[in-house]
Protein chains: 2
Amino acid sequence: MVTIKDIAKKANVSISTVSLVLNNKGYVSPETSERILNIINDLNYKPLHSARKLATRKTGNIGYIIWENHFSEVEMFYSQIFLGMEYAARESDYYILLTTVKDDFDPKTDLPRFLKYNDVDGVVLAGRVPHSLVEYLDKQRMPFVLVDYGIPGKIYNSVLIDNYNGAFNAVESLIQSGRKRIAFVGGTFSHPSIKERFRGYKEVLESYNLISDGHLKKYTHLEDAETSREIGEKGVSILLTEKLLPDAIFCCNDTTALGALTEIQRKKLKIPQDIAVVGFDDIPTAAFNLPKLSTVRVPKLLLGKEAFKLLNDVIDNPRLPAQTRLISTEFIKRESS
Amino acid sequence: MVTIKDIAKKANVSISTVSLVLNNKGYVSPETSERILNIINDLNYKPLHSARKLATRKTGNIGYIIWENHFSEVEMFYSQIFLGMEYAARESDYYILLTTVKDDFDPKTDLPRFLKYNDVDGVVLAGRVPHSLVEYLDKQRMPFVLVDYGIPGKIYNSVLIDNYNGAFNAVESLIQSGRKRIAFVGGTFSHPSIKERFRGYKEVLESYNLISDGHLKKYTHLEDAETSREIGEKGVSILLTEKLLPDAIFCCNDTTALGALTEIQRKKLKIPQDIAVVGFDDIPTAAFNLPKLSTVRVPKLLLGKEAFKLLNDVIDNPRLPAQTRLISTEFIKRESS
DNA sequence: AAAATATATTAAAACGTTTCGATATAATAT
DNA sequence: ATATTATATCGAAACGTTTTAATATATTTT
């Protein structure tokens, strides 16, 4: 195994000098530097990470935590965010340790290994995540970033989707194609993202004067259960008991929308002629479904990349005031609208 | 930060002794041991991994490599395998580093970071994976395990699905429910798993004497493109040009089967009355589709767990002759058959 | 009773880096 | 010419562990 010593010997310099060029720090003459670099290359020397970490007291890892169910679920949403982070991490030599936390998480007993053993320099939390965990990280002064989630009343470093405008634009497109009675179906209403999507929905209707008395009562179906196809099916089946059927349904996300499509088809209504449906997220299934689902595309890789970059900034400068970076979306019109 | 020195001082022993109890090695009296353990607990001491790794020359990491497209895809198959590994790893203090490799992978330039920098003690490769990578690992004497993939003509450590029996049983169930003309639709025919599924399909038909002259020509549709819904749709649309329609279709996996369902519905045929469909994998979508897809369940978490265990064995004993562990499947009958 | 072995503890070296002064020379400012 | 400052290099300590070999005592075997 070739070490920094071998390089130093061969280059006739001290290991300090080699270390300096390795980290390009301090002063070292261009000639020596180049000579050393060549030798490093020739011998295919790679600094041993564990030694380096011991000396620098950094771990070189960052943690990625998601709620267990989110990772077991049908869709790749959070895996894509992970992938975005991994791509970004490749350039800065960080490794990403992925773990899940249980629903009934308790920091006393269920702390992820990498937190327990101090094996990460920072953490990204994606999606809905136990508040006790966030508080724990905050108390421990562990740098962290929330992705696609926020805790009401608290300001943390976070990367968020521009849910409000995404919803606003999507519903506006429905309006512009002539829809008048636009319904909303959603689950997990306690989730800030969903709340924002609902706000976008509501405000665009208001601005086009499409909210009559009782509209919200009749045409919105909100639950606080985890979003799922079932929520979509159930929501639609209730909506379809109205005497005046909605002519479009904006769903809080694609999973819900897929359920909605299923239920509408089961009731023998035509999509999009009778009822148009629009989702949110652009999960891969959306493009393969029959009919193909119109939706708001969330750039998941970008979300991961930005989370990584923000976390890096926070690690480098821990006393930075908390900031939020908004990632904008794109409306994708397909067959369902 | 509390180190082994602090423990030693407080316990009035040398750090060697503390280290010994930490790794329960050598001789240390029960009394001292307990005293030390208590202090460790009181001070909440955790050995610093980088220091430990430096001393032991182990990395404490194992790599998980999948083909890029497999991780970007619709289904969570490989993420679930990862999760199974992660669960298993929790007990033995390994971290798992996930990375993807590109389709046109070249070991000279595209080597995953953790291989380039020697940051893993072993590697799990899941699904179809560049042969050049496998050869590279073999040459480097890096312990590795293949999951759900094999390279024809080579014997490597691997954890495989019992594809043959899975297919055999699934098709047998179709036969027992009275189906006579059972078709096969598949992609990626170069993949050993798919070959095995096909073999199971063929042999059960033979054993029930259901393969007439020309059956395979008429009723099997094999492509060597990556499996996808499109493959399923296309395969079915060709099958449905036969004068005597098949009364059941066994698909090489669920993704393909979902495409098949779509195409059958588009042609206004009834499932399962006119045609039954059975998939393979039991991806989450299978249970949510309309109709719900009958399929062969592959225990993905278990697959990951076994891969991890086997890799561990190989790391501990590198000269073990290569072995293959077969994971058996379960037929899940739902609405489509 | 002596020799051999098992038990218990430790000092010191080693693992491969980074970093902090120290030292020396070269360039620039006074 | 002298004092500063910039450039270049290095020795040695430090990071927190594990491990080897040494030492000491207790127990067992001969």
Side-chain angles (χ1 to χ4, degrees), chain A residues 1-40 43-61 93-95 114 116-121 315-316, chain B residues 1-37 39-40 43-61 93-95 114 116-121 316:
Chain A
M1 217 242 161
V2 30
T3 75
I4 201 173
K5 270 186 201 161
D6 304 318
I7 307 295
K9 194 178 294 171
K10 196 145 189 179
N12 259 316
V13 292
S14 72
I15 61 168
S16 324
T17 307
V18 179
S19 177
L20 289 179
V21 344
L22 236 30
N23 301 286
N24 43 58
K25 276 186 178 172
Y27 298 109
V28 31
S29 76
E31 300 81 43
T32 336
S33 180
E34 198 188 330
R35 183 157 40 94
I36 293 178
L37 250 13
N38 281 332
I39 296 176
I40 285 180
L43 302 191
N44 189 28
Y45 162 74
K46 308 285 178 197
L48 189 73
H49 278 161
S50 51
R52 181 174 266 184
K53 288 168 178 176
L54 177 57
T56 58
R57 330 204 28 61
K58 289 227 159 198
T59 71
N61 299 323
D93 258 343
Y94 265 112
Y95 290 119
F114 54 63
K116 199 148 69 184
Y117 297 112
N118 273 105
D119 276 329
V120 291
D121 300 330
I315 290 174
D316 290 346
Chain B
M1 216 238 161
V2 30
T3 76
I4 200 173
K5 270 185 202 162
D6 303 320
I7 307 295
K9 194 179 294 171
K10 194 142 189 182
N12 259 317
V13 293
S14 73
I15 62 168
S16 322
T17 307
V18 178
S19 178
L20 289 179
V21 344
L22 236 30
N23 302 286
N24 43 58
K25 276 187 179 171
Y27 298 110
V28 31
S29 76
E31 300 82 41
T32 335
S33 180
E34 199 189 329
R35 182 157 41 96
I36 293 178
L37 249 14
I39 296 176
I40 285 179
L43 302 191
N44 189 29
Y45 163 74
K46 307 286 177 196
L48 189 73
H49 279 163
S50 51
R52 179 173 269 183
K53 288 167 179 177
L54 178 57
T56 58
R57 327 201 36 57
K58 289 226 159 199
T59 71
N61 299 323
D93 258 343
Y94 265 111
Y95 289 119
F114 54 64
K116 199 149 67 184
Y117 297 112
N118 273 105
D119 277 329
V120 290
D121 300 330
D316 289 346

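Per chain, numbering begins at 1; letters A, B, ... match sequence-line order.
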Answer with base, sugar-phosphate or nothing: what part of the nucleic acid does B/Thr17 contact at a heavy-atom distance below 4.0 Å?
-> base
Counting any heavy atom closer than 4.0 Å, what does B/Lys25 reach on the DNA or RNA strands: base, sugar-phosphate only, or nothing?
-> sugar-phosphate
B/Ile4 side chain: which of C/dG16, D/dT18, C/dA6 is closest?
-> D/dT18
When all nucleic acid strands are considered with a 4.0 Å heavy-atom cut-off, which category describes B/Leu54: base, sugar-phosphate, or nothing?
-> base
In whole angstroms, how far is the P atom of D/dT18 from the CG atom of B/Leu48?
-> 10 Å
Parallel, tilted or perpendicular, as decided by the 30° and 60° cut-offs, for the rings of A/Phe114 and B/Tyr95 | tilted
Using a heavy-atom cut-off of under 4.0 Å over every strand shown, decide if B/Ser50 touches base, sugar-phosphate, or nothing.
-> nothing
Kindly point out which of C/dT17, D/dG16, D/dT18 is positioned nearest to the side chain of A/Ala55?
-> C/dT17
Examine the base of C/dA11 for any acceptor or donor lying under 3.5 Å from a partner atom in the side chain of B/Ser16, and report the outcome as yes or no.
-> yes
Between A/Ile15 and A/Pro30, which has a closest nucleotide on DNA chain D that is more 5'?
-> A/Pro30
Looking across every strand, which nucleic acid part, if any, lies under 4.0 Å from A/Thr3 by heavy atom: base, sugar-phosphate, or nothing?
-> sugar-phosphate
From CA spacing to verdict: side chain to side chain contact (heavy atoms under 4.5 Å, CB included), B/Leu54, A/Leu48 | CA-CA 8 Å; B/Leu54 178 57; A/Leu48 189 73; 3.8 Å; yes
Mind calculating the distance between CE (B/Met1) and C1' (D/dA14) to the nearest angstrom?
-> 15 Å
Mind checking A/Asp6 for me? I need base, sugar-phosphate or nothing, with any heavy atom below 4.0 Å counting as a touch.
-> nothing
Please work out if A/Thr56 contacts a base, only the sugar-phosphate, or nothing of the nucleic acid, heavy-atom cut-off 4.0 Å.
-> sugar-phosphate
Of the candidates C/dA8, D/dT17, C/dT18, the side chain of B/Ser29 sits closest to C/dA8
Begin from the C-alpha positions of B/Met1 and A/Asn118 and carry the test side chain to side chain contact (heavy atoms under 4.5 Å, CB included) through to its verdict.
-> CA-CA 11 Å; B/Met1 216 238 161; A/Asn118 273 105; 5.6 Å; no
Taking side-chain hydrogen bond (donor to acceptor under 3.5 Å, both in side chains) as the test, write out the residues that go with A/Thr59, two or more places apart.
-> A/Asp121
